[in-house]
Amino acid sequence: MTRPSQRSMAFFAAALVAALAIWGTSLARAEKQGTTQNSAEECKMDPVAQSICVYDLILDDIRDNYRQRGGGGISGIVQTSTTGFTARLEQEGRVDVRSYEIRFEADGRPAIVSVTEATETM
Amino acid sequence: MKSTIKFPRFDAELDTDCCDPYNNAELTLTLRLGFTQINPAGGAAAGSHHDYGNAAKPTRKTIKWTDAAWKTWKDNFCSTAQSFWTGKFWLVNDAGSFPFVTKSGQGYIPNVWCRMKIVAQDGSAANNHHSISVVRLDPSESWFGSHSTLYDSKDTDLVQKNTDSAGNKVMQRAHVHEVGHLLGLGHVDIGKAHCPASGDTNASACYGVADNDMKSVMGSGMELRLEHAEPWREAIRGFSIGEVLTGVLAPGKLFLPFGRLLIGANPLFAVWPAKFKRHYPRTAEEVAAGTLITAKPARPA
């Protein structure tokens, strides 16, 4: 027969395992979404802070979705309009140009509306 | 007999002298590449060069070529690219072309072994098929923006070009991919919805989206595919049809092309299927039966 103190310890251990599992799942989800996502507080602090949030978002997208990891890397990210940005990635014989349309949420954080990719043959 | 056809991209030589009951005809495509050094300005030992030779692009540190380094680089370029492409394909002779008769009186129809040769020449030579300028990167540099006529000294290195769906690196030596282009091959996904032939076939998606495609040498990897035999198939059709025309002009040889109709072969509609495995020469009966011989057969002397 199990004594009350042993039941408490078993319950505590089970709760600890469950907590670790939930924490691990959250961590994995956070990594998938990009851990460099900045907080709303940071992004709406001032224009420079908001720009940093936009560039972080674009860098996160490149890290997660651009698979051609050879070449010369990112040679520039340039703002082309209030909500438009292009990232240039150098490859042998070409430059891949990823164009981003960004919107700003009410809390000041940027979100990607669309990404299109074009190529400049060199 | 050895005969040559000069194509714009390469010279093709067909050798049927080597044919016997066990050995096929050999088709060698020869690329004459004209190499030119690009050295730092003013004879300096070190300098810089813009990616793609475009003044608006980043600069990379370069150093002057030495005679020894230049020779080593060219030799390595030619030997490694040539060994990648040569001797990998056999074309099955479904045209009935180039028949020969042995001393014993047995007739055979050879298949064709596909070979490739790269000849390095000076960039100023008049008969170069292609001209390539080459910068020598400073050892501290790991990458330079090359293009089809401007290479760098590290373009022969095996480097990561892509990442497959499992996160594995897809590696390639740039020069073997470029030699594929020089032979006339396009990127792996040309013609697919994400890489229409009418669009920019240099777009990243054209290098392969599915794992299997990106691993092709005409994608981002190093794998040969049977479709890469197309330059040899194009060349052999030229020789095969040329043989028929020669037969028409010389009536004494007419029996050769007409005789092929008896075994169901016709040079005009021949496919010349490519194979990765050696296929031995066949008798007319074996051709007519569609027999493919990949193990050494017993043949009369």
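A note on names: the letters A, B, ... follow the listed sequences, proteins ahead of strands, and every chain is numbered from 1.
- Proximity to chain A is limited to the side chain of B:M214, based on heavy atoms less than 4.5 angstrom apart.
- Atom CG of B:N202 sits about 4.0 Å away from atom OG1 of A:T121, to the nearest 0.5 Å.
- Contact annotation for A:E90: both backbone and side-chain heavy atoms come within less than 4.5 Å of a heavy atom of chain B.
- At a 4.5 Å heavy-atom cutoff, the contact between B:F144 and chain A is made by backbone atoms alone.
- Counting only distance, with no hydrogens or angles, the side chain of A:E92 and the backbone of B:A174 share no donor-acceptor pair below 3.5 Å.
- B:K57 is listed as a side-chain neighbour of A:V95, based on a closest heavy-atom distance under 4.5 Å.
- Taken from SG in B:C206 to CZ in A:R94, the straight-line distance is 9.0 Å, to the nearest 0.5 Å.
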Q) Is there a side chain to side chain contact (heavy atoms under 4.5 Å, CB included) between A:R67 and B:S165 once you walk through the steps? A) CA-CA 9 Å; A:R67 293 198 291 168; B:S165 60; 3.9 Å; yes

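- Looking at every heavy atom in both residues, B:S204 comes nearest to A:Q68 through O-NE2, 2.9 Å.
- For the salt bridge (charged side-chain N to carboxylate O under 4.0 Å, His left out) test, residues two or more places apart in sequence or in another chain that qualify with B:K192 are B:D189, B:D213.
- The closest side-chain heavy-atom distance from A:M122 to B:S146 is not below 4.5 Å.
- Sparse packing is recorded around CG of B:D67, with 12 or fewer heavy atoms of other residues, nucleotides or ligands lying under 6.0 Å away.
- Contact annotation for B:D164: only backbone heavy atoms (N, CA, C, O) come within less than 4.5 Å of a heavy atom of chain A.
- Separating the OH atom in B:Y52 from the CD atom in A:Q91 is a distance of 7.5 Å, to the nearest 0.5 Å.
- Between B:N162 atom CG and A:R69 atom CZ the span is 10.0 Å, to the nearest 0.5 Å.
- Atom NZ of B:K117 is surrounded by 12 or fewer heavy atoms from other residues, nucleotides or ligands within 6.0 Å.
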